[in-house]
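Every heavy atom of this structure was used, including side-chain atoms; hydrogens, water molecules and symmetry mates were not. Both counts, for ligands and for their atoms, begin at 1 and track the order of listing.
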Amino acid sequence: MEALNRSDIESFDRNMAEARCITAVVHTHPDGDAIGSGTALLGYLSAHGKDAVLILPDRYPAALEFLIGGEMEKRVIVAEDSMAEAERRLRSSDLIICLDFNSFSRAGDLEECLSSVQSGKILIDHHLNPDRKCFSLCFTETETSSTAELLYHILMEMPDIRHDAGRLPAITATALMTGMTTDTNNFANSVFPTTLAMASSLLGAGVDRDFILDNIFNSYKESRIRLMGYLLDRCLHITDDGVAYMILEKNAISKFGIQDGDTEGFVNIPLAIGRVRMSIFLKQDKDRFRVSVRSKKGTSANLCAAEFFNGGGHELASGGKLMIPDDVADAAEAAAYIERVTRIFFNR
Ligand SMILES: [Mn+2]
């Protein structure tokens, strides 16, 4: 990643110092990086005596409860459960810090409120194409593993931290390590020299990586593993172009008792197959499918998601949606849609 701009760092520090009421916001369906960077910042601000709150557009996966439980929970608002409280909080904030998303539309029902409030807004993110005009200060960097890593490098520059991870509040150090670990899928992708340097400093500062790994990778419900087996056996298709896709429909979601977050990472599994170049995972959600796209180097998940799935994100890891009936007439049409558009994508 590029060196952080000194004047940006100074203005970030000044913005935080001058604000009394600071609110962090993350994207819908928050993952480990969103919750990790959000709670890390919350821990840092709280240690500085700030009135700090983290707003999540909707509920978080159970596997991340270890970051949000206890004292922290009082400082988290789930907008899906308390929209009025979330909007009140945003309106009364002196400073809003958006983490791990590139435009307000990724904050779901909070979009309008975020656009209309007049406070200072800071972006810290690692996705492509940030909506810069909406922010008074932007830290965006795609050459980094995660928002957690970017936030780590920013915090290292703060005058009270002075490049010593041991000076970070313990919850901040743990949460930063968690966000980076989930976004790299435990050091499997998007690992940069700076990523390993961060991991090394955090381990040196006493972060318990075994505790984090136990929570994020070894605490799943049995239903997740059984659903994984069902999907791989019954629902995995691979096209002649090497596109693997799985479609999780409503009936299977209720049959297996699946909740948000339970299917996290499923999209990566088919990439282990030699001839697969791209993997697409669809999950039905009311009037739409939520779409995850992953690709191997040389194929752009981002371009495919942007052109055919109303989305985008990173070069090799993107997301989007498929609307019913705008994009596909009904759920049963989704497979044919994927076959058709990926044939176009790979053969022109
Ligand atoms: Mn991220």
Side-chain angles (χ1 to χ4, degrees), residues 1-2 4 24-42 54-61 63-64 67-68 97-108 110 122-132 135 138-155 172-192 194-196 198-199 202 212 215-217 260-261 263-268 271 281 290-295 300-302 305-306 311-321:
M1 64 180 266
E2 287 191 17
L4 292 161
V25 184
V26 300
H27 57 79
T28 54
H29 308 296
D31 56 4
D33 193 26
I35 300 289
S37 53
T39 50
L41 185 61
L42 204 51
L54 169 63
I55 297 184
L56 313 175
D58 40 29
R59 277 170 227 128
Y60 54 89
L64 297 168
L67 288 179
I68 289 191
I97 304 178
C98 294
L99 297 160
D100 202 34
F101 63 103
N102 53 3
S103 92
F104 292 151
S105 62
R106 296 277 292 114
L110 295 169
I122 297 176
L123 177 69
I124 303 176
D125 179 50
H126 67 131
H127 294 87
L128 295 162
N129 310 318
D131 200 354
R132 289 177 184 276
F135 300 94
C138 284
F139 293 93
T140 73
E141 172 62 75
T142 55
E143 298 286 297
T144 187
S145 64
S146 52
T147 295
E149 185 190 331
L150 181 55
L151 177 61
Y152 165 84
H153 296 299
I154 295 170
L155 293 180
T172 298
T174 298
L176 291 171
M177 183 77 108
T178 303
M180 178 274 288
T181 303
T182 57
D183 254 25
T184 59
N185 193 17
N186 202 12
F187 297 94
N189 38 50
S190 306
V191 171
F192 296 83
T194 50
T195 315
L196 295 173
M198 162 195 182
L202 290 175
I212 294 172
N215 274 285
I216 56 185
F217 295 125
D260 260 3
T263 55
E264 187 76 42
F266 279 12
V267 65
N268 296 310
L271 290 179
F281 180 62
R290 295 203 329 244
V291 182
S292 303
V293 187
R294 299 289 182 276
S295 58
S300 175
N302 179 57
H314 308 292
E315 183 64 10
L316 305 181
S318 281
K321 56 185 189 272

Between Asn102 and His126, is there a side-chain donor-acceptor contact under 3.5 Å, judged purely by atom types and distance? no
Under 2.8 Å from the Mn ion (ligand 1), how many protein N/O/S atoms do you get? Just the number, please. 4
Passing candidate, side-chain contact (heavy atoms from CB on, under 4.5 Å) with Thr147, options Leu123, Thr140, Leu99, Asp183: Leu99
Can you name the closest pair of heavy atoms from Ala34 and Val26 and give their distance? O-CG1, 3.4 Å
Can you see which heavy atom on Ile68 is nearest to which on Thr39, and at what distance? CG1-CG2, 3.8 Å
Applying side chain to side chain donor-acceptor pair (under 3.5 Å), can you list everything that pairs with Asp131, at least two apart in sequence or on another chain? Lys133
Side-chain heavy-atom pair Leu151, Phe139 within 4.5 angstrom cut-off: no
